[in-house]
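Take a look at the structure set out below.
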Amino acid sequence: MRNGLSGYVKNRADAGVEILLEGQEQVIRQFLKSLKKDKPPLAKFHHIITSTLPGKNEHTEFVIKKSSNEAELSGSVIPPDIAICDDCLRELRDPKDPRFEYFFITCTNCGPRFTIIEKLPYDRDNTTMRVFPMCGFCLNEYKDPLNRRFHAQTVACPRCGPRVCLADAKGEVLREKDPVREAGKLLSEGKILAVKGYGGFHVAVSTTKPEPLMRLREVKHRSQKPFAVMARSLEATRTFAEVSKSQAGLLTSYVRPIVLLNKSREYYLSDSVAPGLHNIGVMLPYTGLHYMLFDKVEDSAFVMTSANPPNQPITKDNDEALRTLKGTVDFFLFHDRQIAHRCDDSAVRMHGVNRVLIRRSRGYAPAPITLRRKARRRVLGLGGELNNTSCILNGDKVFLSQHIGDVDNVETWAFLDDATKHLIRLTNSGIDTVACDLHPKFVTTHLAKHWAEENGWQPVRVQHHYAHVAALMIEHNVDEIVGVCCDGYGYGTDGEAWGGEVLSCTDEAFGFKRVAHLEAQPMMGGDLATYYPLRMAAGILHGHVDLEAWLLRNRQHFPHREKEVQIILQQLEKKENAIRTTSCGRVLDAVSAVLGICHERTYEGEPSLKLESTAVKGKDILKLKPTVRGGDTLDTTQLLIDIFENKDKHSKADLAYSAHTYLAEGLAALAIEKASENNIKTIGFSGGVAANEILTLSLRKTVKASGLRFLVHRDVPPGDAGLSFGQAVASGFFPF
Ligand SMILES: [Zn+2]
Ligand SMILES: [Zn+2]
Ligand SMILES: [Zn+2]
């Protein structure tokens, strides 16, 4: 060793690293200092524990020992997948390099981790790289402490590593010399391809040719849902989207998430990539293979959307892809490395300089979020139903799983089960409590009950919005907060449908109280009102405007046309077939329908996302004063009436913006009042609606103007992707 110390280093089964050093005390101290200073770019120190051992020196040199199977510490840290580093990218392009044009070139600083690890310790034998024995050249680099690939478990080259092949729609392998670049050419020509990556398959297609895009939408039954794209470079991204400095930082970071960017004035990609939206999800290539796809074509971006059958997890195995994507794609780009764990791309949006996680998955999971205090219990949180994740709280670390999806069918349920058990194993966590939602019928509620009985864990049920706000409190280490929590739906403590709540929360004796909310509005036809927002608008406007004439004018937006309109009107008269909800999402949906922006929800959040996209260019033309009734209820009926009555007088943009301002200022006013009543100095904003930039900025402005502190999420998604985190920390930190 450079500084004359001897001893050893080894990976432990708990993902910790053990170093034994022999030598002069002063030199050892110096080494520890430089360890922190000169660490490799990806290395993170979570804890350094040192102790002095008695006895004589036993080592004459410094060696790397084979990993042990000890697992003393629990709460192990597993690295996430890392995008290709600059050094590897340079070698990929260097004709003199032995890994020239090798699509899976990696080193110690980059490459897959989480998606290839089957068990700990993180050694090649415990990964899906096991079946690719290193050639002499790779082995020499692997063994050389001075080499960048020293002990890189993914090291491989064209001679010994995974191989790639192109196959036709039937799975017949085509004898292509350069399958990756050939795949790029096919995409550019308008073919649809399935491309296997680190954590699963993407379906890829041109971003400028309407025909294959429409064909893909048709076979996937995704008429409107935006597709994410992969751009060849940051410069290429700037030709169709606006990229701020912080967005550029995120795009090029080793996480390489999908970043939501505003379409620029020069936007020239097809309208059917992200229809009706002002922004588009863009990511940059994160493997050598991705870079090579663009080599022989002019395209600035390709659509790269997760390949999954409707409501099922992302496809990961070759035979599974052949089975499920048959009829969807024209070609397959396969590689022969197994994916140990599926992992979707992450998605992020910036509100100014604040990062908002929409989906925390590849590049983040399962690296822990470190808290500023330690929990009393070891909790497993199972989340809710939509956009789900699971989560483990262990001491001061929280491990959120990769994106699981909507847990409403057997495939996603099995994925949740598998991913959660794997996370428990990998983090070596002895669970004592299992947390879930208050909803009695969620699959996750049943699963929690089952696991609690099976393992003797304590079951805890946490109300949906309490969990969202608890997540915010623990993330920022605050003891009390007035939380504004807005989303689509959460089961309330009274069994009602909540979703536009103001909660007063203190961690003492779990003092969570609902202190105010949006006006409860009828959902005509229950869940149908979620899919057809005109039904929501009808329920709110009934008795205030000439509803019959307006609904009949819009009858083409109801599946059963005039007949359906008449039934809705009859039910409204008799006050039938409507549960009530305080949901903020449903109010935004209703505004979207009244303004004629969206009449049918084909993906989650569609009406409100399109409303926000319309509002982006608007101003507060109506300047409505928030009306609060009974001291705790923000009126939304008059809001809808005002929007309705002005719909032919002002632009959709201005009216959409005015509705946002009304809700934000109304909720902020209620929160400020409740904060002052309870002598609380902090107001927070959580729930899926907190991803909305206009609402968040407006709330922030009003709260700050009152002199209070305003908090939003930083490392945890505000929507239901962060719910399991909230459940876990609520159970782990607050007395239940
Ligand atoms: Zn590298
Ligand atoms: Zn090799
Ligand atoms: Zn929620």
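Since this is a predicted model, take the numbers as computed values, not measurements.
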Does [X] reach the main-chain N or O of [Y] with its side chain, forming a donor-acceptor pair under 3.5 Å?
X	Y	answer
T582	L518	no
T530	D527	yes
S346	S361	yes
N387	A721	no
D417	W413	no
H476	V478	no
S253	L250	yes
N409	E411	yes
S706	V703	yes
W457	I431	yes

The complete set of salt bridge (Lys or Arg N to Asp or Glu O under 4.0 Å) pairs with one or both residues in residues 478-496, sequence neighbours excluded, reads R373-D479, D494-R514
Write out all pairs satisfying salt bridge (Lys or Arg N to Asp or Glu O under 4.0 Å) with one or both partners inside residues 682-711, taking only residues at least two apart or from two chains.
R349-E693
Looking only at the aromatic ring of each residue, does the gap between the centers of F512 and F734 stay below 6.0 angstrom?
yes
Heavy-atom closest contact ([X] atom, [Y] atom, distance):
X	Y	value
P522	A578	CB-CB, 3.8 Å
L670	G631	CD2-O, 4.0 Å
G383	Q727	N-OE1, 2.7 Å
C343	T115	CB-CG2, 3.7 Å
A664	L699	O-CD2, 3.7 Å
V689	L695	CG1-CD1, 3.3 Å

Quick one: does [X]'s side chain get under 4.5 Å of [Y]'s, heavy atoms only?
X	Y	value
N311	T412	no
D437	L723	yes
L400	Y364	no
Y198	I82	no
P257	D345	no
H660	L611	yes
T493	W498	yes
V462	S731	yes

Enumerate donor-acceptor pairs with a distance under 3.5 Å from any side-chain N or O in residues 681-688 to protein atoms, sequence neighbours excluded.
unit_1: K681; atom_1: NZ; unit_2: N679; atom_2: OD1; d: 3.1
unit_1: S686; atom_1: OG; unit_2: H468; atom_2: O; d: 3.4
unit_1: S686; atom_1: OG; unit_2: H713; atom_2: NE2; d: 2.7

When you measure from the centre of the six-membered ring of F415, is the NZ or CZ of R342 under 6.0 Å away and within 45° of the axis?
yes
Roughly how far, to the nearest 0.5 Å, is [atom2] of [Y] from [atom1] of [X]?
X	Y	atom1	atom2	answer
I579	T581	CD1	OG1	7.0 Å
S608	R586	OG	CZ	7.5 Å
H517	L667	NE2	CG	11.5 Å
T661	L639	OG1	CG	10.0 Å
I392	L380	CD1	CG	6.0 Å
R360	S401	CZ	OG	9.5 Å

Side chains of residues 447-456: which donor-acceptor partners sit under 3.5 Å, not counting sequence neighbours?
unit_1: H450; atom_1: NE2; unit_2: E454; atom_2: OE2; d: 3.3
unit_1: N455; atom_1: ND2; unit_2: W451; atom_2: O; d: 3.0

With side chain to side chain contact (heavy atoms under 4.5 Å, CB included) as the criterion, how do L634 and Y662 come out once you've worked through the C-alpha distance, each side chain's angles and the decisive distance to 0.1 Å?
CA-CA 10 Å; L634 181 65; Y662 175 89; 3.9 Å; yes
Would you mind checking if K374 and D396 are paired as a salt bridge, meaning a charged N to carboxylate O distance below 4.0 Å?
no
Less than 4.0 Å between a side-chain N and a carboxylate O, is that true for R355 and D715?
yes
Go through D635 and R629 one step at a time and tell me if the salt bridge (charged side-chain N to carboxylate O under 4.0 Å, His left out) criterion holds.
CA-CA 7 Å; D635 179 290; R629 299 192 200 283; 2.5 Å; yes
Step by step, work out the side chain to side chain contact (heavy atoms under 4.5 Å, CB included) result for M523 and R580.
CA-CA 6 Å; M523 292 174 79; R580 300 180 88 79; over 6 Å; no
Donor-acceptor side-chain pairing of [X] and [Y] below 3.5 angstrom:
X	Y	value
T389	S724	yes
Q521	T636	yes
N394	S429	yes
S244	Q247	yes
D589	S592	no
S306	D344	yes

Side chain to side chain contact (heavy atoms under 4.5 Å, CB included) assessment of N388 paired with D720:
CA-CA 6 Å; N388 209 34; D720 289 0; 5.9 Å; no
Measure the acute angle between the ring planes of F114 and H422, then classify it against the limits of 30° and 60° as parallel, tilted or perpendicular.
tilted
Salt bridge (Lys or Arg N to Asp or Glu O under 4.0 Å) with E665: which residues, sequence neighbours excluded?
none
Can you list the residues that meet the side-chain hydrogen bond (donor to acceptor under 3.5 Å, both in side chains) rule with H351, with sequence neighbours excluded?
none
Between L120 and L426, does the side chain to side chain contact (heavy atoms under 4.5 Å, CB included) criterion hold? Intermediate values first, please.
CA-CA 7 Å; L120 287 176; L426 279 189; 3.9 Å; yes
